[in-house]
Asks: 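Structure provided below as structure tokens; questions to follow.
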Amino acid sequence: MIQGRDFLLYVNDDPDNLIAICYSKSCSLSRERDTLLIINPSSQDEDYIPTMKRGTISADGVMELQETVNGVSILEWLEKGQKIGFKFARKGNGGLQISGKAIVVNFDLNASATDVVSYSFTGKICGPLTITKAPILAVVYLANAAGVQLPGCPTPYPVTLFWFDGTLIGAATNPDEVISVFNTYSAANGNWYMLESSVDGGCKFNMLISYNAPMQPTFIIAAQGADFAISSDQGADKAISPDQTIDNALTPIG
Amino acid sequence: MAYALKYRMEFKDIHSTHPAAWRIDISERDAVDTGITMLTPMGSSPLILDYQNSKESKTSYIIGREATLSYVYSRLPGEPLPDVFFDSVDERKFRMDVYVNNKLEGVFWIKSDGGGYPYTSPSFAVSISAVDGFAFAKTTLLDMYLDGRVVYEYQTLAKIISDAVYKVLEPGTPIYIINTLRPKDITAPGNFWTVVKSHTELFFSFTEGPISVYKLLEIFAAQFYGRFFMSEGVLWFIRTEDIYDDVVSVYTINGDPITLPAGIVQSINPNTFPAVENTPNVNGIKGLKQQQLTINYRSINQLVNFDWHEWAPLVGFNSWFGSESLMRGGTGVLEDPYTAILPFGNKTLTAAISQFTVNTGPRYFYPSDIVEVAFKYTYSNMRAFDIILVAVPTNGTNPQHAMDASGTWVNIEGKLIDELRINLVRSGRKQQGSFEVRSQPIPSLVGQCTLWFWIVWPYERSYHIPKQDGDIIDVPPGIGLEGVFIEPVKIGVISSQSIGTDIKIRNKANYSGIGDDETINYSDMGDTHVANTLLLNATPIENWESTKPDITPYVIERHSAQSRIDGYAKSIKSFEGNVYSNTFRFYNTLKIDGLPGKKFMVLRDKYNVFTCMHSIVVEEVLPEQYAQTVYTQIDKYP
């Protein structure tokens, strides 16, 4: 689920530089399609051919003149008959974006004695609607389960990596191994998250998050050193571990 | 005439499975090429193509099409003001070419009286109407003159039709024909249009001048019971009796076969070519019981040098005896034909100025032949002149007979030549006149004969109108003579005692419909003196057969009559509704899901190109010679 306040309407008369309408109380998009009825003398089920489509965007806001895009700018666009660019998108970059062009056709301004000045507007969508499902680019860092960055940063290696649900996924001795271990596991488990590259050669990484990922992580769970040993040997005679004390062993037998 | 491309509109239609790209180019005559201004299409109906078929029956022979283009005018630089189209000098100034997927669909000419725009501030929608060449067909006359001569000869049907249509359509427009009728025993493979000949007499009257392109096309359409219309940039002629077949052969008028990639039959069905929106109606049309057709015989001019083109000063007009001193007026074009000038001279009856001659030497005519005389003349200060027409028996003993003004033959024995004169008198100063008489059949008393024709110089005082104010009415310009100016003269003979024939055809089945009486022009009766006869290899055609199996060969006039009954041989259905397609064309034969075994021809199609909606009326067609009929022919007498 996306919170309403996290999904914003961006508008501007410069379609390459869309600005979010801040102080917006709500925004909405509506779209409809006409159909043509097919006459079929041998069937009682109606069937249709799709024809023209159209839509509107609308938003309510509170008048705040300090903002670049505010109620007055929108009114001015209506006066000029300006075709503006719009997009519905999350804060930040990437994610689901629904964009297009519109002409402002309605504008209401309300100044009530007991409230702040507010406005609302409606725009008619001009031309095609573009739906983009772009990945979100985020910077994540190695941290413990509570989100606290590993104390050894920027050189915490070797580390053990865990998935967001606590599952152990592997060990890494350098950033590249972090990336390959994480991506291999992620690809087999939903493929929503992909580490791109290391930011600083240490604990920070660039991550691409799919637009429909179940959550937006800010850190990757990891543990410094090895508190455990890994062995594939049944008899557990032999173990590989960076930990000198070898208190804990993980074997496939368990 | 050079046209420069000035404006263009492009859009795609909204067909849900295979949209088509449309482009409309507007070119202006005699304009400088300054680049193209793009027009913005207006909303939901930027282009409507509508076939103008007000009669909506199979007997609507020529169907023009109108295009209505709507663009948005926003007063942007270069955008054409609506007045650019509405104030145009003439109706050929702006040409509109419509292309679908880069293929030419039609050529139209923008009318100054169609469409309009609202009287308000921009932006608003401007709609302009344009029509295809057929709109000009009724007012465009054939030009019968070439190099000073009247084009009076046998020509192939392909040449006659092409020359006529290229006066109203872009020259070189392809002409496609669907027609299975062929003259019997034709040796030329494929199409007959390039070998069968008709005389041009049918398209030209010596008193009224040439007919219009429209009337010429009507002659062929009515004879073969087919229709002319434009579709996909091509002129189509489709014989209605040949629509019923699933597989048809299409040829150009020159006989080249044409393959239509999509075939000619389309099927209205809910999946690929649905009826949409409002429920269509299926209506019944009653069958025909009888039909009457009339053929009027048109004799062919037997005179040589009848258009006065062979003349030299002091020699006179070739083949016209006694014309040595005559002058010639005019310039030998349709608007100003050559005329023989008979001056007013204060003389007594003088030798006749012409004798009746033909190009193969003395011609023989026979009792019961009918003679037709026709010509126009113009007076200059004259009131009358005379003509004489005499049938001279070849055996020298039978009595000569002269025709009087009512066409009756009078025995001239014992009469002075003076008494044989037909006076062509006009009252007052009325300048132009015409003489057109059809004689009674030549009496049997005459026997085999030749015909002699005199035009007599106006010589009597009483024929002369005194000059007033000293001026001669100067007709034609530059020749200040008092006298009579004679335009081309026709003397033709019909070799039968009748002047035409009435055809009655009756359906043996019990229906009550009566078809409208019609006139057709061609008949296979074999008389080479009349222009109603079609020739193949210089002999009259005997019979016409079809390339379809089991079609009885008939003379062409019987096929014409049979076709009309076959069109409504029993009560048939018509279908009226809206269909959704961007590939449907007027030349398609339709089948309809739910009406099995029936085929339909298109009568009406109003096509909103953007929404792919066609508002159509289609009518059922039946196989050729479906009707059992009784056919009779009755001669018509003068």
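To find a chain, count down the sequence lines: A is the first, B the second, and so on, and within it residues start at 1.
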Asks: Out of curiosity, B/Asn578 CG to A/Ile39 CD1, how far, rounded to the nearest 0.5 Å?
Replies: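 Separation between the atoms: 8.5 Å.
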
Asks: Among the options B/Gly577, B/Pro280, B/Pro270, pick out the one with the most heavy-atom pairs lying under 4.5 Å from chain A.
Replies: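 Among the listed options, the one with the most contacts to chain A is B/Pro270.
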
Asks: Of the backbone (N, CA, C, O) and the side chain (C-beta and beyond), which part of B/Asn278 lies under 4.5 Å from a heavy atom of chain A, both, or neither?
Replies: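 Interface part for B/Asn278: backbone (N, CA, C, O).
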
Asks: Do you know which of B/Val276, B/Thr17, B/Asn269, B/Ile268 has the most heavy-atom pairs under 4.5 Å to chain A?
Replies: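 So the answer, after comparing B/Val276, B/Thr17, B/Asn269, B/Ile268, is B/Val276.
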
Asks: Check this for me: A/Asp165, atom CG, are more than 12 non-hydrogen atoms of other residues, nucleotides or ligands nearer than 6.0 Å?
Replies: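 Yes.
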
Asks: Where does B/Phe610 contact chain A at under 4.5 Å (heavy atoms): side chain, backbone, both or neither?
Replies: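 The answer is the side chain of B/Phe610.
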
Asks: Does a sphere of radius 6.0 Å around NZ in A/Lys83 hold more than 12 heavy atoms from other residues, nucleotides or ligands, not counting ones at 6.0 Å or beyond?
Replies: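 No - once you tally the heavy atoms of other residues, nucleotides and ligands closer than 6.0 Å, there are 12 at most.
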
Asks: Provide the closest heavy-atom pair for A/Ile38 versus B/Pro274 in the form atom of the first, atom of the second, distance.
Replies: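 Here A/Ile38 and B/Pro274 meet closest at CG2-CB, 3.6 Å.
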
Asks: Does B/Phe124, at its CZ atom, have more than 12 non-hydrogen atoms belonging to other residues, nucleotides or ligands within less than 6.0 Å?
Replies: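 Yes.
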
Asks: Side chain, backbone, both or neither: which part of A/Ile49 has an atom under 4.5 Å from a heavy atom of chain B?
Replies: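 Contact with chain B is through the side chain of A/Ile49 alone.
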
Asks: Does some side-chain heavy atom of B/Asp593 sit less than 4.5 Å from a side-chain heavy atom of A/Pro41?
Replies: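 Side-chain contact under 4.5 Å: no.
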
Asks: Does atom NZ (A/Lys133) have a neighbourhood of more than 12 heavy atoms from anything else shown, all under 6.0 Å?
Replies: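 No, because the 6.0 Å sphere around NZ of A/Lys133 holds 12 heavy atoms or fewer from other groups.
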
Asks: If you count heavy-atom pairs within less than 4.5 Å of chain B, which of A/Thr35, A/Asn40, A/Leu36 leads?
Replies: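 Sorted descending by pairs with chain B, the first entry is A/Leu36.
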
Asks: Would you compute the distance between atom OG1 of A/Thr51 and atom CE of B/Met613 and round it to the nearest 0.5 angstrom?
Replies: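 With rounding to 0.5 Å, OG1 (A/Thr51) is 9.5 Å from CE (B/Met613).
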
Asks: Can you confirm whether more than 12 heavy atoms, excluding those of A/Glu32, are under 6.0 Å from its CD atom?
Replies: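 Enclosed.
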
